Amino acid sequence: MPLSPRSLRAFRRNLLAWFRANRREHPWRRDRDHYRVWLAEVMLQQTRIAAVIPYYEKFLARFPDVQTLADAAEHDVLRLWAGLGYYSRARNLQRAAREMVKRHGGKFPSDFDAALALPGIGRYTAAAVLSIAFDAPHAVLDGNVARVLARLDAVRGDLRAPQRWKKLEATAQALLAREAPGDWNQALMELGETICTPKSPRCGECPVSRWCEARKRGLVDSIPAPRKKPAGVKQRIAAAVLLDPRGRTLLVRDPGSHDGVLFSRMWQFPAVEFAKNPAAALADHLRGELRFDPPPLVELPHAKHGVTFRNITLVPFCGRVAALPVRPRSRRLPLAEIAGAAVSSATKKIARAALHHAK
DNA sequence: AAGGCGGGGAT
DNA sequence: ATCCCAGCCTT
């Protein structure tokens with residue numbers, strides 16, 4: 001979009017005016033505190049606003065500042081993150097908080113490269129926090145902005161291809177309204193989210209449609225090009241909910257050589273992928289991994305669980321035992337407490353089925 | 001450059 | 001059912 005300086009000024013003016021008139025209130029927009037902006041940006045990585053809001057509120061209430069987060073136990077951090085997904089974000093968030101306390105005076109560093117060096121902070125998040133919290137002149141490029149810029153310039157091809165993404169970053173930086181970097185970045189993102197949507201964009205309401213090359217050429221529906229999608233994999237997983245007389249169940253972590261049947265780094269029920277006979281596969285698994293001779297197992301109603309490119313059918317089994325096996329990397333927990341534990345949503349689905357059955 | 005990592009809302 | 005989201009990290 002080779003814009004004349006005058007046209008560029010008008011472009012910026014239109015979009016900023018639109019944003020300031022239509023800006024939505026979000027919990028993280030109540031102020032521009034570096035901690036709260038950072039927390040929101042990490043939660044928003046690949047995660048929709050509506051999904052983030054309740055997690056943000058609860059997390060902030062429990063960990064109101066960098067120091068509190070740095071002092072917390074990782075397990076408690078994960079517990080409040082449970083269900084939001086991409087759990088390495090929570091671990092990295094806390095590691096970064098400890099870095100900030102140790103090396104940056106308990107604050108989010110105001111230097112871009114120092115921010116980038118923190119765990120869980122990539123180019124997007126560094127630019128977002130620095131621009132919004134500190135008015136530093138760094139343009140963000142996320143999925144929304146990429147789509148908007150690609151349409152403005154009629155960019156063909158997969159936007160996520162590293163080469164093309166780099167060029168889009170340069171475009172974003174050139175367009176940045178340096179007198180209001182935070183508002184500018186948020187304006188572009190919000191435009192992409194509410195007007196310049198992936199499907200059926202509302203060009204009639206777009207404050208910058210007169211600069212849009214895709215619209216001019218009738219390419220709005222073919223830009224961005226569809227992303228190359230990894231083939232979806234169907235998986236069937238049998239999971240064991242063992243119950244002792246006190247209503248406690250067994251959770252494991254890093255289940256053996258199986259590359260994390262569900263979520264390798266979270267507590268979960270003993271589980272195994274199966275082809276034909278789930279009960280037999282699960283019994284074998286329990287004998288092999290836990291050295292435990294399973295009781296009669298009752299098959300519970302199946303549950304669906306979609307995760308990234310996997311489409312999982314969960315087949316829960318429930319069995320009562322006199323005593324739970326004691327193994328390394330395992331813990332016992334009342335089944336009723338799983339709902340509030342640091343476990344994934346899949347694990348909570350299984351727990352719910354078992355709880356319903358046990359009653 | 002490619003693959004792994006969660007989960008759910010919109011279409 | 002499919003898409004893709006205020007991405008990051010490792011290989």
Side-chain angles (χ1 to χ4, degrees), chain A residues 24 26-29 37-56 78 81-93 95-96 115-133 138-148 158-166 169 172 182 184-194 196-201 221 224-234 259-266 268 303-312 314 342-349:
Chain A
R24 294 173 303 169
H26 295 313
W28 46 88
R29 284 185 174 165
V37 171
W38 166 48
L39 174 62
E41 291 302 339
V42 172
M43 285 190 163
L44 286 163
Q45 288 167 5
Q46 292 291 286
T47 311
R48 294 177 184 284
I49 288 170
V52 165
I53 289 174
Y55 285 87
Y56 176 84
L78 282 172
W81 205 277
L84 194 56
Y86 286 136
Y87 300 103
S88 64
R89 290 185 296 177
R91 298 188 179 93
N92 286 334
L93 189 80
R95 286 170 53 208
L116 211 50
L118 293 168
I121 308 292
R123 301 182 61 77
Y124 165 79
T125 308
V129 177
L130 292 188
S131 64
I132 296 169
H138 300 281
V140 300
L141 185 67
D142 71 336
N144 285 316
V145 176
R147 183 174 58 256
V148 170
D158 179 5
L159 305 187
R160 300 277 176 171
Q163 286 281 66
R164 198 163 283 112
W165 196 260
K166 275 289 172 198
E169 280 182 334
W184 177 257
N185 283 330
Q186 295 181 86
L188 270 175
M189 291 191 277
E190 198 145 325
L191 183 73
E193 191 194 319
T194 62
C196 195
T197 49
K199 287 175 188 165
S200 321
D221 291 324
R227 247 206 283 187
K228 288 184 257 305
K229 52 194 170 202
V233 178
K234 286 188 180 126
D259 46 330
V261 168
L262 286 179
F263 310 103
S264 58
R265 300 181 60 195
M266 299 289 277
Q268 58 194 283
K304 294 290 183 187
H305 186 69
V307 29
T308 327
F309 67 98
R310 292 191 291 174
N311 206 319
I312 301 172
L314 296 170
V343 301
S344 75
S345 292
T347 300
K348 290 189 181 183
K349 284 179 191 171

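Below, read A as the first sequence line, B as the second, and so on, with proteins coming before strands; counting in each chain starts at 1. Computed from a prediction, not measured in an experiment: that's the story for all the values here.
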Original post:
Just checking A/Trp28: base, sugar-phosphate only, or nothing, at a heavy-atom cut-off of under 4.0 Å?
Top reply: base
**OP:** Could you check whether A/Ser344 gets within reach of a base, just the sugar-phosphate, or nothing at all, counting any heavy atom under 4.0 Å?
**Re:** sugar-phosphate
**OP:** Grab the OH-C1' distance between A/Tyr124 and C/dC8 for me, whole Å please.
**Re:** 13 Å
**OP:** Look at all strands and tell whether A/Leu116 reaches a base, only sugar-phosphate, or nothing, counting heavy atoms closer than 4.0 Å.
**Re:** nothing
Original post:
Starting at CZ of A/Arg160 and ending at P of B/dC5, how long is that distance when rounded to a whole Å?
Top reply: 18 Å
**OP:** May I ask you to say what A/Gly192 touches in the nucleic acid, namely base, sugar-phosphate or nothing, with a heavy-atom cut-off under 4.0 Å?
**Re:** nothing
Original post:
Should A/Tyr87 and A/Ser344 count as side-chain neighbours, where that means a heavy-atom distance under 4.5 Å?
Top reply: yes
**OP:** Give the rounded distance in Å between these two atoms: CZ of A/Arg48 and C1' of B/dG6.
**Re:** 13 Å
**OP:** With heavy atoms under 4.0 Å as the rule, sort A/Arg147 into base, sugar-phosphate or nothing.
**Re:** sugar-phosphate
Original post:
Which part of the nucleic acid, if any, lies within contact of A/Gly143, taking any heavy atom under 4.0 Å across all strands shown: a base, the sugar-phosphate backbone alone, or nothing?
Top reply: sugar-phosphate
**OP:** Could you check A/Pro224 against A/Leu141 and say which one's nearest nucleotide on DNA chain C is further toward the 5' end?
**Re:** A/Pro224
Subject >> Spacing between A/Gln46 atom CD and C/dC3 atom P, to the nearest angstrom >> reply: 15 Å
Original post:
To the nearest 0.5 Å, how far apart are NE2 in A/His138 and CZ in A/Arg123?
Top reply: 10.0 Å
**OP:** Please check the phosphate of C/dC8 (OP1 and OP2 only) for any side-chain N or O of A/Arg95 closer than 4.0 Å.
**Re:** no
Original post:
Any side-chain N or O of A/Arg227 under 4.0 Å from OP1/OP2 of C/dC5?
Top reply: yes
**OP:** Using the P atom as the reference point in each nucleotide, state the distance between C/dA6 and B/dT11 in Å, no decimals.
**Re:** 13 Å
Original post:
Hey, is the side chain of A/Ser88 poking within less than 4.0 Å of OP1 or OP2 on C/dC8, counting only N and O atoms?
Top reply: no
Original post:
Does a side-chain N or O from A/His305 land closer than 4.0 Å to OP1 or OP2 of B/dG7, or not?
Top reply: yes
Subject >> Touch class at under 4.0 angstrom, heavy-atom based, for A/Arg29 against every strand present >> reply: base
Subject >> Donor/acceptor link under 3.5 angstrom from A/Thr47 side chain onto base of B/dG6 >> reply: yes
Original post:
With rounding to whole Å, what would you report as the distance between C/dT10 and B/dG6 at their P atoms?
Top reply: 15 Å
Original post:
Do A/Leu39 and A/Leu93 have side chains that get closer than 4.5 Å, going by heavy atoms?
Top reply: yes
**OP:** Could you work out which one of B/dA1, C/dA6, C/dC3 sits closest to the side chain of A/Lys199?
**Re:** C/dC3
Original post:
Of all heavy-atom pairs between A/Met266 and A/Ala342, which one has the smallest distance, and what is that distance?
Top reply: CE-O, 3.7 Å
**OP:** Using the closest heavy atom to pick a nucleotide of DNA chain B for each, name whichever of A/Arg265 or A/Ala50 lands nearer the 5' end.
**Re:** A/Arg265
Original post:
Minimum heavy-atom separation for A/Arg227 to A/Arg160, with atom names?
Top reply: CD-CG, 3.7 Å
Original post:
Counting heavy atoms not belonging to A/Arg265, are there more than 12 under 6.0 Å from its CZ?
Top reply: no
**OP:** May I have the distance from A/Lys166 (atom NZ) to C/dG7 (atom P), rounded to whole angstrom?
**Re:** 16 Å
**OP:** Would you classify A/Ser200 as touching base, sugar-phosphate or nothing, given that sugar-phosphate means primed atoms plus P, OP1 and OP2, and contacts are heavy atoms under 4.0 Å?
**Re:** nothing
**OP:** Would you kindly give the CZ-to-P distance between A/Arg310 and B/dC5, to the nearest whole Å?
**Re:** 6 Å
**OP:** Answer with base, sugar-phosphate or nothing: what part of the nucleic acid does A/Glu190 contact at a heavy-atom distance below 4.0 Å?
**Re:** nothing
Original post:
Just how far, in rounded Å, is C1' of C/dA6 from CE of A/Met43?
Top reply: 13 Å
Original post:
Of the nucleotides C/dC4, B/dG6, C/dA6, which one has an atom closest to the side chain of A/Tyr87?
Top reply: B/dG6
**OP:** Mind calculating the distance between CZ (A/Arg89) and C1' (B/dG4) to the nearest angstrom?
**Re:** 14 Å
**OP:** Select base, sugar-phosphate, or nothing to describe what A/Leu84 touches, counting heavy atoms under 4.0 Å on all strands.
**Re:** base
**OP:** Report yes if a side-chain nitrogen or oxygen of A/Ser345 is closer than 4.0 Å to either non-bridging phosphate oxygen (OP1 or OP2) of B/dG7; otherwise report no.
**Re:** yes
Subject >> Exercise: do A/Arg89 and A/Thr47 side chains pair donor with acceptor under 3.5 Å >> reply: yes
**OP:** Under 4.0 Å between any heavy atoms, over every strand shown, what does A/Pro119 touch: base, sugar-phosphate, or nothing? Just pick one.
**Re:** sugar-phosphate
